Peer 1: 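Below is a structure I'd like to ask you about.
Numbers restart at 1 for each chain; the letters A, B, ... are given by sequence-line order, proteins then strands. Computed from a prediction, not measured in an experiment: that's the story for all the values here.
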Amino acid sequence: MIVGVTSDSRVNDYATILIAQLASRGHAPAYVLCSRRQARPGWKTRFTAVAGSSAGAWLRRARARTSEATQSLQAHAEANQLTGWDWPLTRVCHSHGMEFRSIDNMNGPEAVDYVRHWQTDLLINAGGGIFRPGIIKAPRTGILNAHMGRLPSFRGMNVLEWSLLHKQPAGVTVHLIDRGIDTGDTLLFEEIAVEAGDTIATLRAKALVTSVELVVRAVEGLASSQLPRTEQHENDGKQYFTMHPRLKQIVENKLRTWQ
Amino acid sequence: MTALRKLGSKGYRVLRSYSRPSHLRVIARQLCKRHGPVHADSDHLEATIAWLCRSQDVVGGSGSSSGYFFETGWGPPYPETTGYIIPTLLRYADRCGDSSYVDRARSMGDWEIDIQLPSGAVRGGRGINDYPIVFNTGQVMLGWCSLYRVTREDRFLAAAVDAANWLLTVQDADGKWRRHSFMDAPHAYHTRVAWALLETYQLAGEDRYRHAAEDNIKWALSSSGRHGWLEYMGFTPDEASLTHTIAYTLRGLLESARFLTEGTANEARDLVLAAAHKTLRVYELRKRLPEDAPAFFPGAFAQDWRPAHSTSCLVGNAQMAIVWLKVYQLTQDARFLNGTLKMLDQVKQTQDLSSGNTGIRGGVAGSYPVWGPYLRLAYPNWAAKFFADALMLQEALMEPLEISRALGVET
C-alpha cells in the first residue's frame, strides 16, 4: 500500500513520530507533502531545528519542557525506541528513503497530480488545512484523519473541550475525510482516560499520542482489508466551533473534580 | 438665503463630526482596526447603564435621549425606545438592589403617559410628533407592563390597555398592521407588538388581545422560508433586512410563544430555532481558518440568509445575542452560549469606557465601523439598552456555570 503524509510545516513532531512508528511496523510512507504556506517556518522554529547545535538542542529541551504535547510525544517515542522524534521532516524523509515535496497549496493541481503520480492508496493528514474535493479524491482509499473527539457526536473544533463540557468520554476517532466537516466514514475510536491532575493541555497531549497509535492501527487494518468502515449521517451529530476562554475555564474547573 | 443657511448648518455639522478629538479618536481607532480591551460583563454593564442614565438626565430627567450623534450632540427624547428602556432599568434595579433605577423607570413611564395620544397610541419618531406608530406603541406597552408588574401602580396598566385597544382598531383582518406603520408597510417585526399585546393580556385578562396577537403571529409565520427566514423582516420588502429588525422579529416570536396556542407556539419556536442555528453557523464560519476568531456579524441579510452588508450592526449583534441566549435556555445547546460570548466580546471591544465625551463613554455605536450605514456616526439609546439586556442575561446564565464548576459542584 502506497502511503503519503501531509504536513503544513517542515517541523512537525506529530508527523515525525507517526512516520517513525509506521516505518517500524513495515508501513513506511513513500513521501511527505508539505504545503509551502508554512513550509518555511519562522526563525525560531528553524533555529531550534538545527541538528547538532547546542543552542538548538537547548531550545528543543526548553520547548519540550514547556509543551505538554511535545513531552508526551517524546515519552512515546522513547518508550517505543523511535529515534529522531524531533527531527525536521526533511531529515526524517532522508533517513527513511522517503521523498519530501513542498507545494504551494495542498488543494492545488500540483498536489493532486503528485498524489496521483505516486498511485497513492492512502494519504494521512498530519497538517494541511481543509481538504477540497480534488485532493480528497486523489488517493484510492482516501485521506485518513485523527479527530480529537467522538464522531459523529462531536464534529468541528475544540471537540476535546466540548466533550468534557458535556461530560462525555474524551477520545480520538480515526476517520476518512470527505467534503463535509468531520463527516467521513469512521474507522476506529479510542477513549482517553481522565486522571487526577489532568488539564486540557495534558489531555490534548494524551490525545496526540493516541492519535499516532490509532492512525498506525488504521493503516495496518486498511492494508489487510480488515477494518470496517462506519458511515456517518449528517444529522447524527453537531458541529462545534472554537470554544470561548470562559467556557474553557469552566472545563478546567470541572477537570479538578472529575469523576 | 435659506439654502445658504442650510448649507452652513450642514457644514457645521460635518465639521463637528470630524473635528472633535473624541470623535476623531473613535474614527482613527476603527480605521486602524484597533479594538479596545474586553473587561468583565459587570464593568461594561455598569458603564452602559451609566450612559442610559445620562441619556435621561440630558433631556430633563423624564424620557431618554434618542442618542448621541457626532453631527448634533445629544438628540431629543425618543418615545419608542424610552418605552423599552424601562424594563432594562427595572431589571438592573433588581440585579443591584438599587431602587433609584425603579424611580428612573417610573419617570420614563409617567412621561410616556403624559405624551400618549388621546387615541391611546404612542407617538412616532424622535421628539414629540403628532402621528401614531404601531411598532412604537407596542414597545412602550412593554415598558408600562413591566412597570405595573414591579410597582402595581394602576395608571401604567391603564395606559397599556388604552394602547392595546387602539392597536386592535387599526389591525388588518389577516392579523398584520399596515396602517400607521413605518413606511406604510407591513412588518414581520410587529411580532414584538404581538408580544406586548400578550403581556397586556396577561395582566388585564382581555382575551381580545391574545387573539389579535395570535393573528399577527400567524400572519408573520405564513411567509416563512428556508432555515427560519421570514418575509417582511426589514423596513421595506425590496431591501436587505437589518439584523436589528430580524432580531426584533425573532424575539417577538419567542416571547409570544409563551402565551399562544400550542400549534402556533411550536411553529414559532421551531422557526426561531431554525433561524438561530442558521445565524450562529453564518457567524461562526466567518473566518479564514477554522481556528480564527469570527469576523463581525454582517449588518444585514438578504433572502435566505445571504449576508448583505460588509459592516456590522452593533444593535443587531446585541439583540441576536439575546435571541441565542434564549435559545440556549430552551435547548441547553451550549454552542449558542459560546457564540454569544464571542459576539458580545466584539461589542465590548467597540465600547469606550474611558472617553472624556459623555455621549461616547459607555455608549454603543449603531454600526461597526462607526461610519457604517446603520445610525452612522451615532450612539443610539437602543444600542445601549439591548447591550445591557444581553450582558445581564449572559451574566445570569454564566454565573451558575462558573460558580459550580469552580466549586466542583455538578448542576
Peer 1: Please classify the contact of A:W162 with chain B as side chain, backbone, both or neither, using a heavy-atom distance under 4.5 Å.
Peer 2: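 Looking at A:W162, just its side chain touches chain B.
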Peer 1: Can you confirm whether B:R91 is buried at CZ, in the sense that more than 12 heavy atoms of other residues, nucleotides or ligands lie under 6.0 Å from that atom?
Peer 2: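 Yes - once you tally the heavy atoms of other residues, nucleotides and ligands closer than 6.0 Å, there are more than 12.
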Peer 1: Taking only residues two or more places apart in sequence, or in another chain, which ones meet B:W305 in a ring pair (Phe, Tyr, Trp, His ring centres under 6.0 Å)?
Peer 2: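 Partners of B:W305 under the ring pair (Phe, Tyr, Trp, His ring centres under 6.0 Å) test: B:W229, B:F301.
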Peer 1: If I compare all heavy atoms of B:A334 with all of A:L165, which pair ends up nearest, and what's the gap?
Peer 2: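 Closest heavy-atom pair between B:A334 and A:L165: CB-CD2, 4.1 Å.
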Peer 1: Select one option (side chain, backbone, both, neither) describing which atoms of A:I130 are under 4.5 Å from chain B's heavy atoms.
Peer 2: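 Just the side chain, heavy atoms under 4.5 Å.
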Peer 1: Where is the tightest heavy-atom contact between A:T242 and B:D292, given as atom of each residue plus distance?
Peer 2: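 Shortest heavy-atom contact: OG1-O, 4.2 Å.
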Peer 1: So which heavy atom on A:H244 is nearest to which on B:N338, and how close?
Peer 2: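 Nearest pair, atom of A:H244 first, then B:N338: N-OD1, 2.7 Å.
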Peer 1: Inspect the surroundings of CD in A:E234 and state if more than 12 heavy atoms from other residues, nucleotides or ligands are less than 6.0 Å away.
Peer 2: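 No, the 6.0 Å shell around CD holds no more than 12 heavy atoms from other groups.
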Peer 1: With a distance cut-off below 6.0 Å to the six-membered ring centre and an angular limit of 45° from the axis, does B:R335 pair with A:Y240 as a cation-pi contact?
Peer 2: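 Yes.
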Peer 1: For B:A257, which residues count as a side chain to side chain contact (heavy atoms under 4.5 Å, CB included) partner, sequence neighbours excluded?
Peer 2: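 By the side chain to side chain contact (heavy atoms under 4.5 Å, CB included) rule, B:A257 matches B:A265, B:A268, B:R269.
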Peer 1: So which part of A:M243 gets closer than 4.5 Å to some heavy atom of chain B, the side chain, the backbone, both or neither?
Peer 2: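 Both parts, backbone and side chain.
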Peer 1: So which part of A:Q239 gets closer than 4.5 Å to some heavy atom of chain B, the side chain, the backbone, both or neither?
Peer 2: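 Its backbone and side chain both get close to chain B.
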Peer 1: For A:R179, look at atom CZ and say whether over 12 heavy atoms of other residues, nucleotides or ligands are found less than 6.0 Å away.
Peer 2: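 Counting other residues, nucleotides and ligands, CZ of A:R179 stays at 12 neighbours or fewer.
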Peer 1: Looking at every non-hydrogen atom in both residues, tell me the closest pair between B:E402 and A:N253 and how far apart they are.
Peer 2: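 Nearest pair, atom of B:E402 first, then A:N253: O-ND2, 4.4 Å.
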Peer 1: I'd like to know if A:R246 and B:D41 make a salt bridge, using a cut-off of under 4.0 Å between side-chain N and carboxylate O.
Peer 2: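 Between B:D41 and A:R246 there is a salt bridge, with a charged N closer than 4.0 Å to a carboxylate O.
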Peer 1: In Å and rounded to the nearest 0.5 Å, what is the CG to CE distance from A:L247 to B:M398?
Peer 2: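 So the CG of A:L247 and the CE of B:M398 are separated by 5.0 Å.
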Peer 1: Can you tell me which portion of B:D345 sits under 4.5 Å from chain A's heavy atoms? Options are side chain, backbone, both or neither.
Peer 2: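 Contact with chain A: side chain only.
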